[in-house]
Chemist: 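Following this message is one structure expressed as structure tokens.
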Amino acid sequence: MPDPTVPPTPPVPLDALLARADLGLRRIAGPDDPGIVVHWAHTSEMADPYPYLLGGELLLSAGVHIPQGAGSGYFDAYVSRIVAAGGAALGFGVAPVHDTVPAALVEACEMHGLPLLEVPPRTTFSGVARAVWQLMAQARLAEVRRVSEAQQGLATAAARPDPVPSVLHQLARRLGGRAVLYGPEGTELAGAGRDQGEEARAALAKLAEVVRPGTGRPASASDTVAGARLVAHALGNGRGFVLGVAAPQRDPGDHAITSVAAVLLSLLTGEQPSGAGAARTSALVRLLLGSPPEEVAPLLGGERWRVVHGSPNGPVPDGPVPDGPVSDRRTPDRPMPDEPAPDRRTPDRPMPDRPMPDEPVPDEPVPDIRTPDRRAPDRPVPDPVAASALGAALGSALVDPVGEAVRVLVPADRAVAPLQGWTLGVSAAVAPHDWPAADTQAARALARARATRTPLVRHGVRPALTDLVPPDDAEAHARALLAPIAATPALTDTLRTWLSLHGSWDRTAVALSVHRNTVRQRIARCAALLGADLDDPDVRMELWFALRRT
């Protein structure tokens, strides 16, 4: 099915094709009906083209399939099959096979009501097909412009002091008919536009009952009564409102226009701050007045919660992020990116260990003169509409857009699954007093999801070795171990991310949005200040244990 927000390509009126002077087409048989339209052009020399037609075609033929001495019976069967397949018209090319259009073909088309066009020798079939596509493109552009202008008009109407009547009036004007809003009990609450008659009015009210929210009922329905095209849309706010439209005709873009009006009316007739909305407002007031989170949580609908951090997907660095070392093909025998480079000045001579100079770690990345800058591109910042959409998808209205991410507080009993267009980090289920810790867990999970390009990463909840050490002793050990770098957050954050990503320079650079040379410098600085060999797995484990306690 086509995207309902994009109008389908309108067909081409046959009269518009006949009006093209460059083609020189001439109607010689069949009805002269301005309502006949062509959806596409198709060339075939089959004696029975029925199996190859979809309907709505302008079938083009030079008569190669016509046998010598063919009579009226042959042409009658040929034309009847085209009509049965839904062909819109037949174009017959004069020359090189036939000097004129066979008289029996003209009689058959006239009898079956199929428009027959004479294609002159100077006009090629490809030229006719190209003209059809050009006219379709022009009609599509005009329809897209009409839909765009209608959407802007509806949005402007929704911002007026009387939004519901204004939207209905704008919709009726754009469709040239009448728009009605029905209430939950089926009564007409508001309407605008030209009345299509008593019969159409009654039929539209019955159609609204068909789509009224309920088990197994459709979201929309359509019908044609007394020459009026009727459409009913159930508004998506679950309150039983229905939008009904009656118009004398239905153009390809009308569905997109009506859908936009239905969305706006769904928002305008949605539940006002009452019920759940009032409870959330009350919870916010209590928090601001000093109530502890555990007393506020029942008002929000749950006792255990998860924090979800979401980031809209944006551009990523060139090439995939490797799961392991990535070879560099620019220079033979070059070491892997995650390994230290050997000293080529003297064979088999190890480089002496030299302490790093005591200087601040630069915040700006150091350019690599050998390779293009592969710094992670700027991530898209979610706007309020995108943030609300993420909250709706997760089933929570507790949404907070902050920086490059959106934070959502979700009851623990609601499943969190990957969402198209988003990268998610999910915390463990916690009680309200642990919300700050869950926020940190979700942020770290999101950073790991970004670095590994995983749609969703969850914070681990199984018992860890850290549970075997008393918290006070673990925190004291962590402070003592990390004291040399504790005053520089850039170092601790880089070391934590680098260890979490198994020492990958590229992934760490992506996660921190810095150049990989900056990561190398910071890790080298950490090793010097800590006096530790970061290639030793025991040292890495101890540092990771300490960083988990900070």
Chemist: Can any side-chain N or O of His112 pair as donor or acceptor with the backbone N or O of Leu114 at less than 3.5 Å?
Modeler: no
Chemist: A side-chain contact here means heavy atoms from C-beta on lying under 4.5 Å apart; do Leu424 and Pro455 qualify?
Modeler: no
Chemist: Within the side chain of Ser80, is there an N or O that forms a donor-acceptor pair under 3.5 Å with the backbone of Ala77?
Modeler: yes
Chemist: Which is it for Arg174 and Gln151 under the side chain to side chain donor-acceptor pair (under 3.5 Å) test, yes or no, and what are the steps along the way?
Modeler: CA-CA 10 Å; Arg174 296 290 178 175; Gln151 290 174 342; over 6 Å; no
Chemist: Under the side chain to side chain contact (heavy atoms under 4.5 Å, CB included) rule, what do Leu243 and Leu168 come out as? Steps first, then yes or no, please.
Modeler: CA-CA 9 Å; Leu243 169 64; Leu168 292 174; 3.8 Å; yes
Chemist: Could you walk me through whether Asp506 and Arg516 pass the salt bridge (charged side-chain N to carboxylate O under 4.0 Å, His left out) test, one step at a time?
Modeler: CA-CA 6 Å; Asp506 287 335; Arg516 59 183 176 185; 3.4 Å; yes
Chemist: Compare all side-chain heavy atoms of Val457 with those of Leu446 and state whether any distance is below 4.5 angstrom.
Modeler: no
Chemist: Got a donor-acceptor contact below 3.5 angstrom from the Thr187 side chain to the Gly183 backbone?
Modeler: no
Chemist: Carefully, step by step, assess Val106 and Leu116 under the rule side chain to side chain contact (heavy atoms under 4.5 Å, CB included).
Modeler: CA-CA 7 Å; Val106 176; Leu116 176 61; 3.8 Å; yes
Chemist: Could you tell me whether a side-chain N or O of Arg122 sits under 3.5 Å from a main-chain N or O of Asp22, the two making a donor and an acceptor?
Modeler: yes
Chemist: Taking all non-hydrogen atoms of both residues, which atom of Gly177 and which atom of Pro248 are closest, and how far apart?
Modeler: CA-CD, 4.3 Å
Chemist: Is the gap between the ring centers of His42 and Tyr52 under 6.0 Å?
Modeler: no
Chemist: How many angstroms lie between atom OG1 of Thr423 and atom CG of Leu419, to the nearest 0.5 angstrom?
Modeler: 10.0 Å
Chemist: Quick check for you: to the nearest 0.5 Å, what is the distance between Thr258 atom OG1 and His233 atom NE2?
Modeler: 5.0 Å
Chemist: Please find the pair of heavy atoms, one from Val97 and one from Ala62, that lie closest to each other, and give the distance.
Modeler: CB-O, 3.6 Å
Chemist: Distance from Leu17 atom CG to Gln134 atom CD, nearest 0.5 Å?
Modeler: 10.5 Å
Chemist: Quick check: does any side chain N or O of Glu110 sit under 3.5 Å from a backbone N or O of Gly30, one acting as donor and the other as acceptor?
Modeler: yes
Chemist: Do Tyr182 and Leu189 touch side chain to side chain, with heavy atoms closer than 4.5 Å?
Modeler: no
Chemist: How long is the span from the CD1 atom in Ile28 to the SG atom in Cys109, to the nearest 0.5 Å?
Modeler: 8.0 Å
Chemist: Would the distance check show the side chain of Arg458 and the main-chain N or O of Val416 forming a donor-acceptor pair, the cut-off being under 3.5 Å?
Modeler: yes
Chemist: State whether the side chain of Glu57 and the backbone N or O of Gly55 hold a donor-acceptor pair below 3.5 Å, judged by distance alone.
Modeler: yes
Chemist: Does any N or O in the side chain of Ser148 come within less than 3.5 Å of the main-chain N or O of Val144, such that one atom is a donor and the other an acceptor?
Modeler: no
Chemist: Closest approach of Ala247 and Leu175, non-hydrogen atoms and distance?
Modeler: CB-O, 3.8 Å
Chemist: To check you understand the geometry: which heavy-atom pair defines the closest contact between Thr497 and Ala511, and what is its length?
Modeler: CG2-CB, 3.8 Å
Chemist: Report yes if some heavy atom in the side chain of Leu512 is under 4.5 Å from a heavy atom in the side chain of Thr508; otherwise report no.
Modeler: yes
Chemist: With sequence neighbours excluded, what pairs up with Glu45 under the side chain to side chain donor-acceptor pair (under 3.5 Å) test?
Modeler: Ser61
Chemist: How about Leu23 and Leu18: do any of their side-chain heavy atoms sit closer than 4.5 Å?
Modeler: no
Chemist: Drop me the distance from Ile257's CD1 to Glu149's CD, to the nearest 0.5 angstrom.
Modeler: 9.5 Å
Chemist: Answer yes or no: is there a donor N or O on one side and an acceptor on the other, between the side chain of Ser44 and the main chain of Met46, under 3.5 Å?
Modeler: yes
Chemist: Is Arg194 atom CZ crowded by more than 12 heavy atoms from other residues, nucleotides or ligands, each under 6.0 Å away?
Modeler: no
Chemist: Before giving the answer on side chain to side chain donor-acceptor pair (under 3.5 Å), spell out for Arg507 and Thr452 the whole-Å C-alpha distance, their side-chain angles and the decisive distance to 0.1 Å.
Modeler: CA-CA 7 Å; Arg507 291 185 181 183; Thr452 58; over 6 Å; no
Chemist: For Asp15, check salt bridge (Lys or Arg N to Asp or Glu O under 4.0 Å) against everything at least two apart and list the hits.
Modeler: Arg27
Chemist: Enumerate the salt bridge (charged side-chain N to carboxylate O under 4.0 Å, His left out) contacts for residues 78-105, please, sequence neighbours excluded, ordered by first and then second residue.
Modeler: Asp48-Arg81
Chemist: Hey, are the side chains of Val406 and Asp400 touching, using non-hydrogen atoms and a 4.5 Å cut-off?
Modeler: no
Chemist: Would you mind checking if Glu143 and Arg146 are paired as a salt bridge, meaning a charged N to carboxylate O distance below 4.0 Å?
Modeler: yes
Chemist: If we ignore angles and hydrogens, is there a donor and acceptor under 3.5 Å between the side chains of Arg450 and Ser311?
Modeler: yes
Chemist: Dump the intermediate steps for side chain to side chain contact (heavy atoms under 4.5 Å, CB included) on Arg229 and Val231, then the final yes or no.
Modeler: CA-CA 7 Å; Arg229 298 294 305 273; Val231 179; 5.7 Å; no
Chemist: Check this for me: Glu188, atom CD, are more than 12 non-hydrogen atoms of other residues, nucleotides or ligands nearer than 6.0 Å?
Modeler: yes
Chemist: Say you draw a straight line from CG of Leu230 to CG of Leu204; how long is it, rounded to the nearest 0.5 Å?
Modeler: 5.5 Å
Chemist: Mark yes or no for whether Thr124, through its side chain, and Gly127, through its backbone, hold a donor-acceptor pair below 3.5 Å.
Modeler: yes
Chemist: Between Phe92 and His98, does a side chain to side chain contact (heavy atoms under 4.5 Å, CB included) hold up when you go through it step by step?
Modeler: CA-CA 9 Å; Phe92 193 88; His98 298 270; 3.7 Å; yes
Chemist: Check whether any side-chain heavy atom of Leu90 sits under 4.5 Å from a side-chain heavy atom of Tyr78, and report yes or no.
Modeler: yes
Chemist: Is any side-chain heavy atom of Leu456 closer than 4.5 Å to one of Val426?
Modeler: yes
Chemist: Any idea which heavy atoms bring Val211 and Ser220 closest together, and the distance?
Modeler: CG1-C, 3.6 Å
Chemist: Phe75 and Pro102: which non-hydrogen atoms are nearest, and at how many Å?
Modeler: CZ-CB, 3.8 Å
